[in-house]
Amino acid sequence: MSEEKTLKEKITAISEHYSKVCQIKKTQEELCELFTEISAGMKINDSIVLPDNTWSEVADVIIMCAQIAMQHGKTDKVRQEIEYKVDRQIRRMRNDGRKES
Ligand SMILES: [Mg+2]
């Protein structure tokens, strides 16, 4: 693998190396690990503090979700869903007329 490859190319290479079943199991593991970190968040005064390892687990989950979308030929579908859901939420916020905390 050459050093000039983009992140997308590298994640694609990983997704092509492993089976769909293998990456679904790995995604389940990573989701559990992220769930554990998020659940360990502690409320201190008015602010929530997440464990330092949270960000490593966020990265793992993003990498695995990207791979399963690639393996199933659904990257465009996921992109469309993200745009739809973000736009819908922006509309709701505008209609709501107040900022949620
Ligand atoms: Mg992990």
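No experiment lies behind these values; they were computed from the predicted model shown.
- Atoms CD1 and CD, on Ile62 and Glu57 in that order, are 11.5 Å from each other to the nearest 0.5 Å.
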Pair up each side-chain donor or acceptor in residues 84-91 with any protein partner under 3.5 Å, not counting sequence neighbours, and list the distances.
from  : atom 1 : to    : atom 2 : distance (Å)
Gln89 : OE1    : Arg92 : NH1    : 3.3

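- Scanning for side-chain contact (heavy atoms from CB on, under 4.5 Å) contacts around Cys22 gives Tyr18, Ser19, with sequence neighbours left out.
- In this structure, Glu9 and Thr6 have side chains that are in contact, with non-hydrogen atoms separated by less than 4.5 Å.
- For Ile24, the side-chain contact (heavy atoms from CB on, under 4.5 Å) test picks out Gln28, Ile68, His72, with sequence neighbours left out.
- Under the salt bridge (Lys or Arg N to Asp or Glu O under 4.0 Å) criterion, the residue pairs touching residues 60-77 are Lys77-Glu81, with sequence neighbours excluded.
- Considering CD1 of Ile11 and OG1 of Thr75, their distance stands at 12.0 Å, rounded to 0.5 Å.
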In residues 29-48, what donor-acceptor pairs under 3.5 Å come from side-chain atoms, sequence neighbours left out?
from  : atom 1 : to    : atom 2 : distance (Å)
Glu30 : OE2    : Lys26 : NZ     : 3.4
Thr36 : OG1    : Cys32 : O      : 3.0
Glu37 : OE2    : Asn53 : ND2    : 3.3
Ser39 : OG     : Phe35 : O      : 2.7

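- In this structure, OG1 on Thr12 lies 14.5 Å from NE2 on His17, to the nearest 0.5 angstrom.
- Within the model, atoms CD1 of Ile14 and CE of Met64 stand 8.5 Å from one another, a figure rounded to the nearest 0.5 Å.
- A search for side chain to side chain donor-acceptor pair (under 3.5 Å) contacts involving Gln23 returns Gln67, not counting sequence neighbours.
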